[in-house]
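These notes concern the structure reproduced below.
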Amino acid sequence: MRYKVFTSYKYGDGDVNPLGRGYKPTVRGYVDMFEDELQKCKEIDKEDKFVYKGEEDGVDLSGHPRDEIKNRLSDLIYESTVTVLFISLNMRTDKPEDKQWIPWEMKYSLQRTSRKDRKPSPEKVVVAVILPDKNGSYKYHVGMQQFKIVKVNIDNGYIELVKWPKFLRKIKTHMDNAIARKESHLDKAVREI
């Protein structure tokens, strides 16, 4: 099977348990480790193809117009089959949800979209991965105010919620489970809030 993977996360959130071994002490460090694990999966299982479609580290689009950023992200998400959402303590800001990137990326991932002269993309499957806070705890997630589109799709069973160590041990299994859930829960997916 071919897995094209987009990641959605709060790049600079430093309220995560540091990974060490040369990884950034932010959510981006977890994304980098995830990319490394995808590479290992490709080397172990030659039949499965993992292609990372997320933003490359060091690419700063913050100074670009919002429409240009949306266009670049749209291209990455359109080509993906799986979106992995990394949940961290400070992934939300005080801005309204429609001014934050994660809810937009989730909405775009959950919809069938067309790009220029290409056929519409299928809805992506989504796996939400809870990252440990600085103390290595996941308790912050209990009662955490989640983005509306994420919360409703976790509550209705469309998005799987898994803690980082469990996800890392069985990345392919969680992606396969998300694909199976898509087939059985497609009518439950909430694409617009």
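Start at 1 with the first residue, then count along the sequence.
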_Walk me through whether E35 and R28 qualify under salt bridge (Lys or Arg N to Asp or Glu O under 4.0 Å)._
CA-CA 10 Å; E35 284 184 71; R28 181 62 210 199; 2.6 Å; yes
Atom of [X], atom of [Y] and distance for their closest heavy-atom approach:
X: S109; Y: T83; value: OG-OG1, 2.8 Å
X: Y30; Y: L131; value: CD2-CD2, 3.6 Å
X: Q100; Y: K95; value: NE2-O, 2.7 Å
X: V16; Y: S88; value: CG1-CB, 4.1 Å
X: E97; Y: R92; value: OE2-NH1, 3.2 Å
X: Y138; Y: P165; value: OH-CD, 2.9 Å

Value rounded to 0.5 Å, distance of [atom1] in [X] from [atom2] in [Y]:
X: L19; Y: M33; atom1: CG; atom2: CE; result: 4.5 Å
X: I159; Y: L85; atom1: CD1; atom2: CG; result: 7.0 Å
X: K166; Y: I171; atom1: NZ; atom2: CD1; result: 14.0 Å
X: I77; Y: R72; atom1: CD1; atom2: CZ; result: 13.0 Å
X: R181; Y: D176; atom1: CZ; atom2: CG; result: 11.0 Å
X: L76; Y: T7; atom1: CG; atom2: OG1; result: 9.0 Å

Distance-only, no hydrogens or angles: does the [X] side chain make a donor-acceptor pair with backbone N or O of [Y] under 3.5 Å?
X: D32; Y: Y23; answer: no
X: D13; Y: N90; answer: yes
X: S137; Y: D133; answer: no
X: N71; Y: D67; answer: no

*Carefully, step by step, assess E105 and L73 under the rule side-chain contact (heavy atoms from CB on, under 4.5 Å).*
CA-CA 8 Å; E105 291 168 347; L73 291 173; 3.6 Å; yes
Quick check: do [X] and [Y] have side-chain heavy atoms less than 4.5 Å from each other?
X: V84; Y: V5; value: yes
X: F167; Y: L161; value: no
X: V126; Y: L110; value: yes
X: N153; Y: N156; value: yes
X: I87; Y: M144; value: yes
X: E37; Y: F50; value: no
X: Y140; Y: N135; value: no
X: M106; Y: S8; value: yes

*Carboxylate-amine/guanidinium proximity below 4.0 Å for E79 and K124*: no
*Any salt bridge between D36 and K40, counting N to O under 4.0 Å?*
no
*Parallel, tilted or perpendicular: which describes the rings of W104 and W101, with under 30° parallel and over 60° perpendicular?*
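Geometry flag for W101 against W104: perpendicular rings.
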*Under 30°, 30 to 60°, or over 60°: which ring-plane class applies to F34 and F86, parallel, tilted or perpendicular?*
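Rings of F34 and F86: perpendicular, as their planes differ by over 60°.
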_Using the rule side chain to side chain contact (heavy atoms under 4.5 Å, CB included), only one of I102, T26, V129, V31 pairs with Y9; which is it?_
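For Y9, the side chain to side chain contact (heavy atoms under 4.5 Å, CB included) check succeeds only for V31.
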*asked:* Quick one, V82 with M175, criterion side-chain contact (heavy atoms from CB on, under 4.5 Å). Give me CA distance, side-chain angles, the key distance, then yes/no.
replied: CA-CA 7 Å; V82 179; M175 290 185 186; 4.2 Å; yes
*Stepwise side-chain contact (heavy atoms from CB on, under 4.5 Å) check, V27 with Y11*: CA-CA 6 Å; V27 176; Y11 183 97; over 6 Å; no
*Verdict with reasoning, M91 to Q146, per side-chain contact (heavy atoms from CB on, under 4.5 Å)*: CA-CA 9 Å; M91 65 188 276; Q146 193 53 264; 3.6 Å; yes
